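Reckoned from all heavy atoms, side chains included, excluding hydrogens, waters and symmetry mates. Computed from a prediction, not measured in an experiment: that's the story for all the values here. Starting from 1, each residue takes its place in the sequence as its number. Remember, it's 1-based here, ligands and their atoms both numbered in the order they're listed.
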Amino acid sequence: MSVENGKSVIKVLPPEEARKIAAGEVIDRPAALVREFLDNAIDAGSSNIEISIEEGGCKKTEISDDGSGMSREDLELCHLTHATSKIRALDDLETALTLGFRGEALAAALAVAHLQIITSTDGRDAWRLEAGPGGNYPIKIEQTRRTKGTTVRALNIFENIPARKRFLKREGSEGSLCRQTFIDKALAFNTINFKFYQDGKLKHFLPAVSSKKERFAASLLQTGESDYLHEINVTGDGFTAAIVIGGPELYRNDRRQLFIFANGRRINDYALTQAIEYGSQGWFPNGTHPIGAVYLEIDPSLADFNIHPAKREVRFRDTSAIHHTISGGVKAFFHKLYLRSSHNSAIIPEYENEDMKENSHRDAKAQRPEGEELFKTFNTDNKQSAVGFDKYKNNNCAFSVPLRLRENSSSINSFSYGEAKYAGRAFGLFILIELGDKLFIIDQHAAHERILYNKFLEEPIPKQELLAPIPFCTESDDEDAFLEAKRGELSRLGVDIERDQTGWRIDALPADWSLSDSATVTEILNLRTAGENMAQRWAATICCRAAIKDGDYPDDETAFALGKEALTLSDPRCPHGRPIWTEISKDALLKAVKRL
Ligand code: ADP
Ligand code: MG
């Protein structure tokens with residue numbers, strides 16, 4: 001910084017310039033107008049909200065509502081910086097449940113666009129404000145007519161700030177950002193009727209519905225897909241969350257349809273997105289992601305919403321508790337859902353071909369290729385069976401529990417198909433067994449996992465003292481309390497932990513344990529969400545790591561024995577709920593090659 005002729009070069013910006021600069025943080029593009037005006041309409045308690053944009057929102061962004069409306073006095077104040085009816089002091093943020101609270105949106109909109117507001121509190125007296133852009137024009141307020149509610153219209157955004165206007169994208173892109181913002185709000189407020197018009201055409205009509213799940217389906221899914229959407233609720237200390245989650249039928253190749261909301265605002269929160277993914281791990285084909293949304297309702301005193309200009313980020317006092325509750329809820333849900341469907345012989349989703357994967361947003365049912373009837377009851381295919389195993393492949397898993405199979409496979413006879421014949425292996429993953437007039441195709445990893453799992457639930461898990469104990473710290477008192485309370489049970493599960501002045505340490509782990517220290521600590525702390533099912537969860541975790549992997553080749557004798565034992569299981573599902581085998585009949589094969 002230089003000083004000319006000994007004079008200061010610092011200048012205090014004229015208020016008008018300062019306002020434009022500050023406004024740019026709040027309103028950086030038309031979608032920000034949509035976001036702020038929608039927030040205001042929702043805060044005003046509206047039941048019906050209409051959005052209309054022209055030329056991607058650059059020419060016009062208008063939102064009409066039937067909410068509380070404003071008096072003439074409030075209309076005079078609402079466009080001033082820091083004018084708000086929602087809080088009176090900073091401390092009010094501890095309890096504020098409104099979407100807005102900074103009192104800067106209308107002021108910022110006025111700094112960057114021409115603004116018109118028409119409002120009435122009772123449908124009798126109505127007022128119209130016209131101002132801007134920049135707010136240096138005389139602000140006119142005149143009487144007009146309007147039903148109860150408010151219309152806010154911003155025209156020609158950034159006309160007065162060419163430097164910013166240059167940064168706008170093409171109309172189409174700005175329009176889709178506006179639409180996305182609209183969808184974000186609509187997803188969170190399912191009891192409001194929404195209409196979205198773009199260049200005069202109605203693009204979305206989302207009538208009020210009683211559940212988040214229905215709104216999600218109406219906003220984002222194709223006909224038929226909603227059959228595979230579920231809604232669950234979880235509760236923690238100071239928060240509750242509704243979770244809408246799509247079944248594996250609706251998998252996507254990216255995370256674009258995974259949404260996180262906190263008190264009605266869509267936020268970017270990596271940890272909570274991960275919580276959903278973590279909870280659904282094992283149910284989705286490798287490299288794919290679930291669709292869904294977390295609607296977190298949290299006591300405002302446990303979250304700071306005031307750390308981001310557009311409120312896209314939130315700081316939670318205890319992220320890990322929320323994370324655990326969400327991932328645990330999703331995990332338990334999938335487990336239950338597919339165990340249930342196994343008893344009902346419902347068909348597990350199919351992933352027949354790449355085409356379907358690409359187009360998975362279309363009607364999942366309509367796309368099943370011909371010939372699906374070939375596969376029955378425990379219908380699966382190699383892609384699905386391989387779900388979630390890849391990550392273990394490079395795990396160098398040394399945990400090896402010998403295959404102790406029952407000598408006597410008499411219960412095979414209960415199939416009453418005659419004698420089982422070993423028919424070979426396929427794709428480094430499947431064991432083939434011929435039994436009567438059926439060919440059974442058995443997922444070796446899933447089968448072994450289930451057999452080990454049953455064994456671990458019956459017998460104590462072998463333990464190994466660590467030469468170098470693993471020290472670790474917890475993140476919350478809750479975690480400490482959990483470890484204290486469950487120390488005995490953990491020891492029975494092969495995990496010895498001790499507490500000293502500096503924190504916790506792990507002294508023993510199940511024999512041949514192979515996870516990294518940090519992953520081990522995470523796995524142990526994750527048991528918090530398992531509740532009564534801690535032993536089952538733990539057994540599933542270690543079995544998954546111990547079982548033979550895709551591509552591992554046990555010898556034929558072991559493979560045959562494993563296959564036969566798999567067929568005798570009373571619940572032929574792996575501990576994560578995936579089916580262990582599928583079958584195909586001789587007739588179906590003969591028909592397929594037109595011999596029948
Ligand atoms: P904030 O929402 O943070 O309070 P805004 O600048 O967005 O700040 O709005 C200022 C005030 O104008 C609000 O507090 C509210 O009282 C009023 N207001 C804005 N939009 C509406 C609306 N659609 N209906 C009723 N009142 C509104
Ligand atoms: Mg606002």
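In terms of protein heavy-atom proximity, atom 11 (C) of ligand 1 is closest to A83 O, 4.0 Å. Remark: minimum distance from atom 27 (C) of ligand 1 to any protein heavy atom is reached at M70 CE, 3.6 Å. Of the protein's heavy atoms, C78 CB, 3.4 Å lies nearest to atom 12 (O) of ligand 1. The protein heavy-atom contact nearest to atom 16 (O) of ligand 1 is S85 OG, 2.5 Å. The protein non-hydrogen atom at the shortest distance from atom 4 (O) of ligand 1 is T84 OG1, 2.5 Å. Scanning the protein for heavy atoms near atom 2 (O) of ligand 1, the closest one is K86 NZ, 2.7 Å.
Taking the charged nitrogens against the carboxylate oxygens, K165 and E174 have no contact shorter than 4.0 Å, which rules out a salt bridge. A salt bridge links D39 with K185; the closest basic N to acidic carboxylate O contact falls under 4.0 Å.
The aromatic rings of W504 and F472 sit parallel to each other, their planes meeting at less than 30°, with 60° as the upper class boundary.
Any N or O atom pair closer than 3.5 Å counts here, and G103 shares at least one such pair with ligand 1. The distance criterion of under 3.5 Å between nitrogen or oxygen atoms is met by L106 with respect to ligand 1. Residue-to-ligand polar distances place N40 within reach of ligand 1: an N/O pair is separated by less than 3.5 Å. The shortest N or O to N or O distance between G69 and ligand 1 is not under 3.5 Å.
Contact analysis puts E104 in contact with ligand 1, with a non-hydrogen atom separation below 4.0 angstrom. Using a non-hydrogen distance threshold of 4.0 Å, S68 registers as a contact of ligand 1. The shell of residues lying under 4.0 angstrom from ligand 1, judged by heavy atoms, includes D65.
T181 contributes atom OG1, which lies 10.5 Å from atom CD1 of I51 (distance to the nearest 0.5 angstrom).
Proximity of a side-chain donor or acceptor of D74 to a complementary backbone N or O of G69 within less than 3.5 Å is not detected. The closest donor-acceptor contact from the side chain of T151 to the backbone of I63 lies at 3.5 Å or more, if one exists at all.
At a cut-off of 2.8 Å, measuring from the Mg ion (ligand 2), the protein N, O or S atoms that fall short of it are N40 OD1, waters left aside.
The only option from K212, E214, R215 that meets the side-chain hydrogen bond (donor to acceptor under 3.5 Å, both in side chains) definition with N190 turns out to be K212.
Near G100, meaning under 4.0 Å from one of its heavy atoms, ligand 1 places the atoms 2 (O), 3 (O). Residue-ligand proximity, A44 to ligand 1, at heavy-atom distances under 4.0 Å covers atoms 24 (N), 25 (C).
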Pairs of donor and acceptor atoms involving the side chains of residues 196-206, under 3.5 Å and at least two apart or interchain, shall be tabulated with distances.
residue	atom	partner	partner atom	Å
Q198	OE1	R179	NH1	3.1
D199	OD1	E55	N	2.8
H204	NE2	R179	NE	3.2

For this session: May I have the step-by-step check of salt bridge (charged side-chain N to carboxylate O under 4.0 Å, His left out) for E142 and K140, ending in yes or no?
Result: CA-CA 7 Å; E142 55 194 33; K140 278 193 297 187; 5.2 Å; no

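Contacts of E297 classified as salt bridge (charged side-chain N to carboxylate O under 4.0 Å, His left out), with partners at least two apart in sequence or in another chain: none. For Y295, the ring pair (Phe, Tyr, Trp, His ring centres under 6.0 Å) partners at least two apart in sequence or on another chain are F261.
Counting only heavy atoms from C-beta outward, the side chains of F316 and L272 approach each other to under 4.5 Å.
Taking each heavy atom of F239 and A321 in turn, the nearest pair found is CZ-O, 4.0 Å.
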